[in-house]
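Residues: numbered from 1 along the sequence shown. Quick caveat: nothing in here was measured; it's all calculated off a predicted structure. The figures here come from the full heavy-atom set of this structure, side chains too, leaving out hydrogens, waters and symmetry mates.
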Amino acid sequence: MKKIFLALVLLAAVMQVTFAQCGFVTVAYDDDVTRSAASVGQMFTLGISNDGNYANEGLQQSFLYRGNDTLLYENSSYPVAYRPAERIPAGNPLNVEVGETPVYLLPTQGLDSLISVMAYGVTFVNDTTVVAPYNVCEHNFGLQQPLVLPDGSVPPVQYSNNKPATYPVGAATSVTWNFSVADKSLTDIQQVNVKFPPCGTDNFNADIANYPYSTTLPDPFVATDFENNEYSTVRIDCYCWTAENLKSTKYADGENISNPMAYVSAEHPDAAANVARYGYLYNWDDAVRAPLAPEATEVQGVCPDGWHLPTEAEFASLANHSAFELMSTTDWLSGEGTNATGFTALPAGKYTDVRFENLLGETHFWTETSVSATIARYCSLMHGCSELANYNGNKVNGKSVRCLKN
């Protein structure tokens, strides 16, 4: 028996007499009145109509042989329409069983076989773009599942993919889908693109497709405290940081911060100018707004709404970069800052032992990590030193504050 594997789809719709060529097979459609004049070796239908009439199918000549096969195809490859089971006339020898898909492969004129086919259509999943949460470097989420028709068929189409457990944020990942049934198989490649959430000077008007959940974000993206001080922001690796030291005297709900410290010394006596340039210094209790709730994980403290005081671990992520890449290009005594990261760490000095000291020479940032009743962790940058270091510090001392997006 000669088998020619060709795809044919019968569309269940009311149509005038129409002939369509698919491969080497011609299909004829007609209405409830006129039977199509299909040529020898072709299939014809009689009337699928809106009043619920069944389709009747037949051949204009007998075939010596009749076989079965399986077809697995991507739905956009053929104009596929699945006929409801109730429209398949019982006992018609040219229909496959109820619940299967009435798709046929017919030989061209003059051959001696007919193949009825169990057809499986796969709608491949689209490439997808998602926006990751803040402060996430690896994002985990479920993929859309492909549509496989007919649903509930036996045997079912088996499919799998090689998606990773997590997707790297800021990158595209190729996911391979494999489909199989009987001796047929298909493969599809899906691109999964995970974007960073908004931060810094992203141009949302020009690049709004990256952030489909909002069209109203400011440009550039800033943090704003209760006193309407705006702080520029910057993305460093997976984190969104404020790129300026906090200069607020009030918490986000308007309550006064008990002791914001403006740097002042004999060498640098202009307290207002120092605050405008370097921000306030805060003791740890003020910075975290002590006492902390035992279950607190993101400590807002003095930070604006939607932002929090970083943990020691979050500050540690900055150690992927040299201290010079974090330092501003101005103000530092050593003059070695490149600010390659955009963090713009200024030498704001510190308050310790009832005096302010080391403006232009060093800067320190509180973390929300507490060691004891009197000691907490902070991060430090010093002129001439290429490393970001973490230390224990007395909670009564004054240090700068940077915030991280929730």
**Study point:** Polar side chain donor-acceptor pair, Asn178 to Ser160, under 3.5 angstrom
**Key:** no

Review point. Is the backbone N or O of Asn397 less than 3.5 Å from a side-chain atom of Asn394, with the two atoms forming a donor-acceptor pair by type?
Key: no

Exercise for review: Drop me the distance from Leu281's CG to Asn274's CG, to the nearest 0.5 angstrom.
Suggested key: 9.5 Å

Check your understanding: So, Lys405 side chain and Asn135 main chain: donor-acceptor pair closer than 3.5 Å or not?
Key -> no

**Study point:** Partner of Phe356 under ring pair (Phe, Tyr, Trp, His ring centres under 6.0 Å), chosen from Tyr263, Tyr280, Tyr278
**Key:** Tyr263

Review point. Which pair of heavy atoms, one from Ala276 and one from Lys247, lies closest together, and at what distance?
Key: O-NZ, 3.2 Å

Point to revise | Any side-chain heavy-atom pair of Lys250 and Asp225 under 4.5 Å | key: no

Exercise for review: Would you confirm whether Trp332, through its side chain, and Met327, through its main-chain N or O, come within 3.5 Å as a donor-acceptor pair?
Suggested key: no

Check your understanding: Do the side chains of Asp127 and Asn193 get nearer than 4.5 Å, heavy atoms only?
Key -> no

Check your understanding: What are the two closest non-hydrogen atoms of Asn245 and Ser400, and how far apart are they?
Key -> ND2-OG, 3.5 Å

Review point. Can you find a pair of side-chain heavy atoms, one from Tyr231 and one from Leu246, that are under 4.5 Å apart?
Key: yes

Review point. Does the side chain of Val130 reach to within under 4.5 Å of the side chain of Val194, using non-hydrogen atoms?
Key: yes

Revision key, fill the gap. To the nearest 0.5 Å, atom CD of Gln144 lies from atom OG1 of Thr123 at 9.5 Å

Review point. Phe315 and Trp241: aromatic ring centres closer than 6.0 Å?
Key: yes

Review point. Between the side chains of Gln191 and Ser174, is a donor N or O closer than 3.5 angstrom to an acceptor N or O?
Key: yes

Study note, to complete from the structure: The side-chain hydrogen bond (donor to acceptor under 3.5 Å, both in side chains) partner of Ser258 among Asp285, Asn283, Asp286 is Asp286

Practice item. Determine whether the side chains of Thr249 and Glu227 contain a donor N or O and an acceptor N or O closer than 3.5 Å. Key: yes

Check your understanding: If you look at every heavy atom in Asp305 and Ala252, which pair is closest and at what distance?
Key -> OD1-CB, 3.2 Å

Check your understanding: Are any side-chain N or O atoms of Thr363 and backbone N or O atoms of Leu346, one a donor and one an acceptor, separated by less than 3.5 Å?
Key -> yes

Review point. Could you give the distance from CG (Leu359) to NE2 (His268), rounded to the nearest 0.5 Å?
Key: 4.5 Å

Exercise for review: Give a yes-or-no answer on whether the side chains of Ser370 and Lys395 include a donor-acceptor pair shorter than 3.5 Å.
Suggested key: yes

Check your understanding: Under 4.5 Å between any side-chain heavy atoms of Trp307 and Cys240, yes or no?
Key -> yes

Review point. Going by atom types alone, do Glu312 and Thr369 pair a side-chain donor with an acceptor below 3.5 Å?
Key: no

Check your understanding: Any donor and acceptor pair, going by atom type alone, linking the side chain of Thr341 with main-chain N or O of Glu325 inside 3.5 Å?
Key -> yes

Exercise for review: State, with a plain yes or no, whether a side-chain heavy atom of Leu318 is found less than 4.5 Å away from one of Cys379.
Suggested key: no

Check your understanding: Can you check whether Leu143's main-chain N or O pairs, donor with acceptor, with Gln145's side chain at less than 3.5 Å?
Key -> yes

Check your understanding: In Å and rounded to the nearest 0.5 Å, what is the CD to CG distance from Glu314 to Leu309?
Key -> 9.0 Å

Review point. Going by distance alone, is a donor N or O of one side chain under 3.5 Å from an acceptor N or O of the other, for Thr344 and Asn339?
Key: yes

Review point. Is there side-chain contact between His321 and Asp237, with at least one heavy-atom pair below 4.5 Å?
Key: yes

**Study point:** Ring-face cation contact, Phe343 with Arg402, 6.0 Å cut, 45° max
**Key:** yes

**Study point:** Side chains of Tyr251 and Val302 in contact at under 4.5 Å (non-hydrogen atoms)
**Key:** yes

Point to revise | Distance-only donor-acceptor check, side chains Glu244 and Ser232, under 3.5 Å | key: yes

Check your understanding: When rounded to the nearest 0.5 angstrom, what is the spacing between CG in Asn390 and OG in Ser380?
Key -> 9.0 Å

Check your understanding: Are more than 12 heavy atoms from other residues, nucleotides or ligands located less than 6.0 Å from atom CD of Glu387?
Key -> no

Check your understanding: Rounded to the nearest 0.5 Å, how far does NE2 of His383 lie from OG of Ser334?
Key -> 6.5 Å

Review point. Got a donor-acceptor contact below 3.5 angstrom from the Asp188 side chain to the Trp177 backbone?
Key: no

**Study point:** Donor-acceptor pair, side chain of His139 and main chain of Tyr167, under 3.5 angstrom
**Key:** no

Practice item. Look at the side chain of Tyr282 and the backbone N and O of Val288, then say whether any donor-acceptor pair between them is shorter than 3.5 Å. Key: no

Exercise for review: Please answer whether the main-chain N or O of Thr176 pairs with a side-chain N or O of Asn162 as donor and acceptor at a distance below 3.5 Å.
Suggested key: yes

Exercise for review: Classify the ring geometry between Tyr378 and His364 as parallel (under 30°), tilted (30 to 60°) or perpendicular (over 60°).
Suggested key: perpendicular

